[in-house]
Amino acid sequence: MKILLLDFTQDDQSWQPILELEDMHIERASIEEVAEKVEHNEYDLLVINFSTIEEEAPWIERFLKARIRLGQVPPVFALVRDKEQGDVERAIVAGCDLVISKPFSSLDFKKKALLFER
């Protein structure tokens, strides 16, 4: 399974359970890189950290909706702060297929990711 982590920041510990998955191919992208990476690569899953993209949220929503209309986006998971008001709703409106509250375990993420494997 090939996964793209969007808005990856090295010091954000919320990514750690995903990075621990040795049997999955993990790539990272900044917000500036995501459109090109998705256009030129086949990903099985996009993962967006909604907690760290406050300023870019409208851009992400427009990007996802446009790609979904064209049928060009793999499933999208959103990582949200545990019990944070608004993040879950914002992720759903943006077009995410699944919302995962932080913290979460590697096993929990893998089980959910495999449900979307092509």
Requested in this report: Walk me through it: do Leu19 and Ile26 pass the test side chain to side chain contact (heavy atoms under 4.5 Å, CB included)?
Outcome: CA-CA 7 Å; Leu19 297 174; Ile26 309 291; 4.1 Å; yes
Query raised in the report: Please walk me through it: do Asp23 and Lys110 pass side chain to side chain contact (heavy atoms under 4.5 Å, CB included)?
Result: CA-CA 10 Å; Asp23 56 341; Lys110 185 175 182 176; 2.3 Å; yes
Query raised in the report: With under 30° as parallel and over 60° as perpendicular, where do the rings of Phe104 and Phe109 fit, or are they tilted in between?
Result: tilted
Query raised in the report: Between Lys2 and Glu42, does at least one N-O distance fall below 4.0 Å, as a salt bridge requires?
Result: no
Requested in this report: Locate the shortest heavy-atom distance separating Ala113 from Met24; write the atom from each residue and the value.
Outcome: CB-CE, 4.3 Å
Query raised in the report: Which heavy atom in Cys96 sits nearest to a heavy atom in Ala78, and how many Å separate them?
Result: SG-CB, 3.7 Å
**Report entry** From CD1 (Ile48) to CG (Leu79), nearest 0.5 Å
**Finding:** 9.0 Å
Query raised in the report: Any side-chain heavy atom of Ile18 within less than 4.5 Å of one from Val47?
Result: yes
Query raised in the report: For the residue pair Ala29 and Leu4, what are the closest heavy atoms and their distance?
Result: CB-CD1, 3.7 Å
Query raised in the report: So, for Lys37 and Tyr43, which heavy atoms are closest and what is the spacing to 0.1 Å?
Result: O-CE1, 3.4 Å
Query raised in the report: Out of Leu45, Ile100, Leu107, which residue meets the side-chain contact (heavy atoms from CB on, under 4.5 Å) rule with Lys112?
Result: Ile100
Report summary line: Distance col, row Ser106:OG vs Lys111:NZ, nearest 0.5 angstrom, shows 12.0 Å
Query raised in the report: Could you walk me through whether Glu22 and Glu20 pass the side chain to side chain contact (heavy atoms under 4.5 Å, CB included) check?
Result: CA-CA 6 Å; Glu22 295 178 5; Glu20 292 172 358; over 6 Å; no
Report summary line: All heavy atoms of Arg28 vs all of Glu33, minimum pair found to be O-OE1, 4.3 Å
Query - Leu98 vs Leu115, side chain to side chain contact (heavy atoms under 4.5 Å, CB included): CA-CA, chis, key distance, verdict - result: CA-CA 11 Å; Leu98 187 73; Leu115 293 173; over 6 Å; no
Report task. Locate the shortest heavy-atom distance separating Pro74 from Asp97; write the atom from each residue and the value. Result -> O-OD2, 4.3 Å
